[in-house]
Engineer: 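Can you keep this structure in mind? I'll have questions shortly.
What you see is a predicted model; the values in this text were computed from it and never measured. Excluded from the calculations below are hydrogen atoms, water molecules and symmetry mates; all remaining heavy atoms, backbone and side chain alike, are included. Letters A, B, ... are given to chains in the order of the sequence lines, protein chains preceding strands, and every chain is numbered from 1.
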Amino acid sequence: MLKMTHLSKAYRTEVVETFALRDFSIHVREGEFVAVTGPSGSGKTTFLTIAGLLEEFSGGEYQLDGANVRGLNDNQRSKLRNEKIGFIFQAFNLIADLNVQDNIDVPLRYRGFNGAERRRRIQEALGRVGLSARSRHYPAELSGGQQQRVAIARALAGSPRLLLADEPTGNLDTQMARGVMDLLEELHRDGATIVMVTHDPELAVRAQREVHIVDGQVVDMAPQPRLVEAAQAGS
Amino acid sequence: MELGPIISAMRRNKVGAIVVGVQMAITLAILCNALFIIEQRVALGKRPTGTDEANIVVITNQWAGHPTDLAAKLQGDLAALRSMPGVVDAFASNTYPLSNGGSSLNLKLNPEQRESTAQTALYIADEHGLQTLGLKLIAGRNFTADEVLDRMPGTNVPPSAVIVTRALAEKLFPGKNAAGQSVYSEYQKTLAPIVGVVDKLQVPWTQAGGFGSKFNDSSLLEPYRHEAPYGYYLVHAQPGQAVAVMKAAEKRLIEVNRARVLQKSQTLTEARAEAYKDDRGLVIILGVVCAALVAVTAFGIVGLTSYWVAQRRRQIGIRRALGATRTAIIRYFQTENFLIAAVGSIGGIGLALSLNLWMVTAFEMERLDTRYALIGAVFVLLLGQLAVLWPALKAASIPPALATRAA
């Protein structure tokens with residue numbers, strides 16, 4: 001689903017070149033739930049922006065759903081991003097001037113779906129996150145947990161091949177965070193491929209696999225202990 | 001098109017949209033009325049007089065003291081002028097086109113008629129008048145020398161014949177040939193036969209909405225020798241010789257008789273420039289005001305949209321992250337501006353028509369042609385689209401990665 005090979009990302013100034021990612025390789029298979037962890041400044045967010053086609057990379061290869069994304073122009077990247085990727089941001093990133101329904105509608109309009117199809121998808125996505133009754137509410141009228149659920153509904157509505165979550169519970173209290181994580185796990189059980197960037201080890205253990213990044217490089221790609229234990233118990 | 005969400009977003013941020021919309025409405029109202037006035041004044045300044053303006057010279061003559069034997073003096077002057085090299089013909093009159101001064105008559109078809117049929121400007125001319133002015137005779141004939149009578153100003157000598165313009169003929173005898181008919185002058189209390197019809201001769205007055213504006217092309221020529229202490233010599237020069245003839249004619253007239261003041265000499269081309277000087281000034285002032293207004297509106301849109309872009313940087317980043325292309329972002333701002341401009345234009349059309357209605361009542365202006373309001377609306381819409389382009393391009397350059405940065 002997502003395969004980066006010897007990928008690098010350098011930020012250049014006139015006097016210095018800083019690598020945010022260096023010789024970075026990762027392979028996320030279809031249906032996997034991967035947590036990307038690492039300390040601050042390790043390159044987690046850079047990885048996410050490149051994985052989400054929000055930024056270009058400097059070197060290496062990146063294949064998304066079997067397609068090489070190197071050299072795509074801005075329009076092609078926007079189209080691919082819209083069709084293949086669903087984003088869940090730490091700050092929810094809902095548009096304050098639009099109600100829940102219109103927020104979920106934003107990527108669907110860019111996708112070019114007709115009105116009936118968009119309405120169907122919006123209702124389905126809202127039903128999935130349990131917010132059907134809130135479709136006319138504005139973000140400011142919702143709790144943080146509800147806002148993040150709307151953001152998840154927006155990410156799901158376009159039936160993306162990959163869900164990219166950036167610290168999805170970072171702005172939520174424990175109870176709301178638990179609800180959001182339960183929802184992500186449920187989506188994963190239903191077959192979604194999820195890559196979640198987090199610095200919280202407690203969240204990371206809920207993923208299938210943890211990829212640890214330090215100084216822009218993958219240092220560990222171990223499966224989660226509970227999954228290893230479960231596998232061993234199964235054998 | 002994102003009409004629904006854009007309208008929804010605007011309803012939650014009304015003030016900016018209302019300010020721009022009102023500004024556009026006011027711009028439209030002022031712009032189309034100003035352009036309407038400009039167009040009218042430009043057209044006014046270009047109205048043909050019906051004469052061969054480029055080759056006609058006017059010399060204003062005033063005899064000194066209390067001159068006697070004006071008839072002989074007049075004949076002496078005219079003989080001298082007509083014999084000059086470069087002169088096609090010459091005659092003396094009470095007025096000339098573009099002079100902004102003259103006499104008018106109320107005409108009836110018969111003495112019993114209570115209301116006059118037409119109002120007309122009065123030009124005094126002899127048998128040389130038509131050729132001197134370069135008028136085109138379209139029916140009947142010119143005055144004969146026998147028909148031309150002596151007349152001192154203030155005396156009432158009934159005219160032996162008259163020549164009218166086509167416009168006056170149409171008013172007096174719609175659909176008929178006016179040559180051969182008679183017309184009754186209220187002032188002279190006499191019926192005079194119409195012997196000829198000329199294509200066009202503008203009245204002397206030029207002011208927009210002023211005296212003469214309601215009967216602009218209704219002129220009448222009466223066959224008199226203008227034997228007056230004050231009058232105008234009109235001289236038709238050979239093509240391209242007007243200025244030279246004007247200078248030579250002044251010199252010649254002084255040679256004939258020094259007991260006079262040649263107050264002013266000018267070609268009809270110069271007279272036109274002078275007659276419409278105020279209109280040209282108004283056109284320039286209104287043009288500058290319109291340009292300034294358009295610039296202020298355009299900068300207003302640029303400024304407010306730039307502010308909106310700055311305010312919505314994160315939102316734009318989110319839209320880009322969710323799949324909006326740069327074109328989609330530009331289209332968003334253009335659509336938003338179009339909606340504001342459309343509402344502003346509808347209000348502006350209403351405002352423009354109301355403003356015009358007020359000016360019609362207060363200043364006797366003409367009614368605004370609705371096409372001006374519609375063209376103005378299209379212009380305001382295009383202005384909005386043009387003004388919003390730069391901020392929209394700036395918005396489109398916001399990177400999608402902005403969505404991942406902390407709010």
Engineer: Tell me the residues of residues 38-54 of chain A whose non-hydrogen atoms fall below 4.5 Å from those of chain B, in number order.
Structural biologist: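 Under the 4.5 Å heavy-atom cut-off, A/Thr45, A/Leu48, A/Thr49, A/Leu54 qualify.
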Engineer: I'd like to know if A/Arg111 and A/Glu117 make a salt bridge, using a cut-off of under 4.0 Å between side-chain N and carboxylate O.
Structural biologist: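 The answer is no: the pair does not qualify as a salt bridge.
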Engineer: Taking atom NE2 of A/His137 as the centre, does the number of heavy atoms from other residues, nucleotides or ligands within less than 6.0 Å exceed 12?
Structural biologist: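 Above 12, so yes.
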Engineer: Just checking, any donor-acceptor pair under 3.5 angstrom between side chains of A/Gln123 and A/Arg119?
Structural biologist: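 No pair is found: no donor N or O on one side chain lies under 3.5 Å from an acceptor on the other.
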Engineer: Under a 4.5 Å heavy-atom cut-off, does chain A meet the side chain of B/Ala324, its backbone, both or neither?
Structural biologist: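 For B/Ala324, heavy atoms of backbone and side chain both lie under 4.5 Å from chain A.
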Engineer: Give, as side chain, backbone, both or neither, the part of B/Arg11 having an atom under 4.5 angstrom from any heavy atom of chain A.
Structural biologist: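 Contact with chain A involves no heavy atom of B/Arg11 at all.
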Engineer: Given a strict heavy-atom distance threshold of 4.5 Å, which part of A/Ala96 is in contact with chain B: side chain, backbone, both, or neither?
Structural biologist: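 Contact with chain B is through the backbone of A/Ala96 alone.
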Engineer: Please assess A/Ser78 against B/Thr325 for the test side-chain hydrogen bond (donor to acceptor under 3.5 Å, both in side chains), listing each intermediate value before the final yes or no.
Structural biologist: CA-CA 6 Å; A/Ser78 296; B/Thr325 58; 5.9 Å; no
Engineer: Using modelled atom types only, decide if a donor and an acceptor are shared between the side chain of A/Asn82 and the backbone of A/Arg77 within a distance under 3.5 Å.
Structural biologist: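 Side chain of A/Asn82 to backbone of A/Arg77, a donor-acceptor pair under 3.5 Å: no, none is there.
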Engineer: Does a salt bridge link A/Arg161 with A/Glu30, judged by any charged N lying under 4.0 Å from a carboxylate O?
Structural biologist: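 Here A/Arg161 pairs with A/Glu30 in a salt bridge, since their nearest N and O are under 4.0 Å apart.
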Engineer: Output yes when A/Glu124 and A/Arg120 qualify as a salt bridge under the 4.0 Å nitrogen-oxygen rule, no when they do not.
Structural biologist: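 Looking at A/Arg120 together with A/Glu124, the answer is yes, because their closest N to O distance falls below 4.0 Å.
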Engineer: Looking at A/Gln90, A/Arg81, A/Arg154, A/Glu55, which makes the most heavy-atom pairs under 4.5 Å with chain B?
Structural biologist: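 Answer, by heavy-atom pair count under 4.5 Å with chain B: A/Arg81.
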Engineer: Using only heavy-atom distances, determine whether the side chains of B/Arg314 and A/Asn93 contain a donor-acceptor pair under 3.5 Å.
Structural biologist: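 Distance-only check passes for B/Arg314 and A/Asn93.
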Engineer: When heavy-atom pairs shorter than 4.5 Å are enumerated against chain B, which of A/Asn103, A/Asp74, A/Asp105 gives the highest number?
Structural biologist: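 So the answer, after comparing A/Asn103, A/Asp74, A/Asp105, is A/Asp74.
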